[in-house]
Amino acid sequence: MNKAYRRMLAKDNFDRAKSRARISGVLNAFAPDRQRLLSLDEVREIIKPKTEAYRGIRQVRIDKIVGSEGRYKDFNKAFLPKKELLRGRWESIDIAHAESINLPAVWLYELGGVFFVRDGNHRVSVAKSVGAVEIDAEVSTLDTDIELRPDMTVEDIKKSVILVERSQLFKNT
């Protein structure tokens, strides 16, 4: 397959992914928080993890990746690209994937059983768009007693923290 054809396919793939993000936004207009990618900083502020530890490289289920450290406004909850400025990088990763070029592992934080991207948002987006189930990742764990689920919103996380703190309070008194 020649390079021009691969570029055209990557362009079409990005256009489709961006269109799916737009449609998802319209369908969820009355519940926008359900489509919002979580901000690691915002969740850290709510949960206040105790420690951080490097866990090494491993395979991580993509459906457990729920947020990003810095690019949470660029993608929706399904890691579909929302902005045109993502096109160049996204398409180059899509081409690399189509050519079976090994890309570096993404860097993730694990917090409460879910993951947040520190580096590799575009790679996660492309992997999800092609139907990958897992991705190679360097993982650091942020320790917490709060269990998180992939479908949680910021409000759900706040409620979980209150329940855990209430339970600990009752246990201690």
Side-chain angles (χ1 to χ4, degrees), residues 16-83 85-86 90 105-173:
R16 259 193 307 281
K18 192 169 171 234
S19 291
R20 287 180 22 224
R22 222 178 359 257
I23 290 167
S24 179
V26 169
L27 293 175
N28 292 286
F30 295 112
D33 284 349
R34 291 270 169 223
Q35 288 299 301
R36 190 169 71 102
L37 193 58
L38 296 175
S39 160
L40 176 63
D41 291 336
E42 188 176 6
V43 174
R44 261 184 157 160
E45 186 64 32
I46 296 166
I47 292 183
K48 299 183 184 7
K50 300 169 188 156
T51 60
E52 179 178 331
Y54 180 73
R55 301 292 182 205
I57 295 180
R58 61 182 169 155
Q59 290 272 303
V60 171
R61 288 186 51 89
I62 292 177
D63 62 357
K64 294 273 192 172
I65 302 173
V66 300
S68 176
E69 184 175 43
R71 307 294 298 262
Y72 58 93
K73 291 181 180 178
D74 295 343
F75 300 91
N76 72 3
K77 188 95 168 182
F79 266 92
L80 294 169
K82 296 183 347 184
K83 299 179 178 180
L85 64 93
L86 303 173
W90 200 98
V106 297
W107 184 357
L108 305 176
Y109 284 112
E110 180 179 14
L111 179 62
V114 297
F115 297 86
F116 294 80
V117 180
R118 174 150 194 211
D119 181 54
N121 292 283
H122 293 80
R123 284 172 275 163
V124 170
S125 178
V126 170
K128 270 193 120 166
S129 77
V130 299
V133 175
E134 295 182 324
I135 193 165
D136 291 331
E138 285 194 62
V139 177
S140 292
T141 300
L142 301 171
D143 189 39
T144 182
D145 295 332
I146 312 289
E147 278 298 314
L148 302 178
R149 296 180 322 275
D151 64 334
M152 293 178 96
T153 64
V154 170
E155 289 307 312
D156 296 332
I157 294 169
K158 288 177 182 177
K159 289 175 188 173
S160 282
V161 169
I162 291 168
L163 290 174
V164 168
E165 288 176 350
R166 182 184 302 157
S167 173
Q168 289 173 344
L169 178 67
F170 289 149
K171 185 174 149 185
N172 293 337
T173 56

| said: Assess the residue pair Tyr72 and Leu38 against the criterion (side chain to side chain contact (heavy atoms under 4.5 Å, CB included)); give the C-alpha distance rounded to whole Å, side-chain angles, the decisive distance to 0.1 Å, and a yes or no. | reply: CA-CA 6 Å; Tyr72 58 93; Leu38 296 175; over 6 Å; no

| Run the side chain to side chain contact (heavy atoms under 4.5 Å, CB included) check on Leu80 and Arg22 step by step: do they pass? | CA-CA 9 Å; Leu80 294 169; Arg22 222 178 359 257; over 6 Å; no

| Worked verdict on Leu40 versus Val117 for side chain to side chain contact (heavy atoms under 4.5 Å, CB included) | CA-CA 8 Å; Leu40 176 63; Val117 180; over 6 Å; no

| request: May I have the step-by-step check of side chain to side chain contact (heavy atoms under 4.5 Å, CB included) for Phe115 and Val66, ending in yes or no? | output: CA-CA 6 Å; Phe115 297 86; Val66 300; over 6 Å; no

| said: One pair to check against salt bridge (charged side-chain N to carboxylate O under 4.0 Å, His left out): Arg36 and Glu42. What are the steps and the verdict? | reply: CA-CA 12 Å; Arg36 190 169 71 102; Glu42 188 176 6; 3.4 Å; yes

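The backbone N or O of Phe79 lies less than 3.5 Å from a partner atom in the side chain of Ser125, making a donor-acceptor pair. A donor-acceptor pair under 3.5 Å links the side-chain atoms of Thr144 to the main chain of Ile146, judged by distance alone. Side chain of Arg123 to main chain of Ala105: a donor-acceptor pair is present (N/O by atom type, distance under 3.5 Å, no hydrogens or angles).
Between the CG atom in Leu142 and the CD1 atom in Ile47 there is a gap of 9.5 Å [rounded to 0.5 Å]. Atom CG in Asp74 sits 14.5 Å away from atom CH2 in Trp90 (nearest 0.5 Å). Interatomic distance, Asp156 CG to Asp151 CG, rounded to the nearest 0.5 Å: 7.0 Å. Taking OG of Ser39 as the reference point, atom CZ of Arg71 lies at 13.5 Å (rounded to 0.5 Å).
Between Ala132 and Ile62, the shortest heavy-atom distance links the atoms O-CD1, 3.6 Å. Between Leu148 and Val114, the shortest heavy-atom distance links the atoms O-CG1, 3.6 Å. Of all the heavy atoms in Ser68 and Asn121, the pair that sits closest is OG-OD1, 2.9 Å. The two residues Val154 and Ile46 have their closest heavy-atom pair at CG1-CD1, 3.6 Å. Heavy atoms only, all atoms of each residue included: Leu37 and Phe75 are closest at CB-O, 3.5 Å. A pairwise comparison of heavy atoms in Lys64 and Gly113 identifies CD-O, 3.8 Å as the closest pair.
Side-chain contact check for Arg166 versus Ile162: some heavy-atom pair is nearer than 4.5 Å. The shortest side-chain heavy-atom distance between Leu111 and Pro49 falls under the 4.5 Å cut-off.
Between Lys50 and Asp145, at least one side-chain nitrogen of the basic residue sits less than 4.0 Å from a carboxylate oxygen of the acidic one, meeting the salt-bridge criterion. A salt bridge between Arg58 and Glu110 is present, with a side-chain N of the basic residue lying under 4.0 Å from a carboxylate O of the acidic one. Look at Arg118 and Glu69 and you find a salt bridge, because one of the NZ, NE, NH1 or NH2 atoms lies within 4.0 Å of a carboxylate O, short of that distance.
Cation-pi check for Arg44 over Tyr109 is met; the charged atom lies under 6.0 angstrom from the ring centroid and within 45 degrees of its normal.
More than 12 heavy atoms of other residues, nucleotides or ligands lie within 6.0 Å of NZ in Lys18, so this atom counts as buried by the packing criterion. Summarising the local packing, NZ of Lys48 is surrounded by more than 12 heavy atoms from other residues, nucleotides or ligands at distances under 6.0 Å.
Applying the side-chain hydrogen bond (donor to acceptor under 3.5 Å, both in side chains) test to Ser140 and every residue at least two apart in sequence or in another chain returns nothing. Partners of Ala137 under the side-chain contact (heavy atoms from CB on, under 4.5 Å) rule, at least two apart in sequence or in another chain, are Val60, Val106, Leu108, Val139. For the side-chain hydrogen bond (donor to acceptor under 3.5 Å, both in side chains) test, no residue two or more places apart in sequence or in another chain qualifies with Glu147.
Side-chain contact annotation: Ser19 with Arg16, donor-acceptor N/O pair under 3.5 Å absent. At a cut-off of 3.5 Å, with distance as the only test, a side-chain donor of Tyr54 or Glu138 sits close to an acceptor on the other residue.
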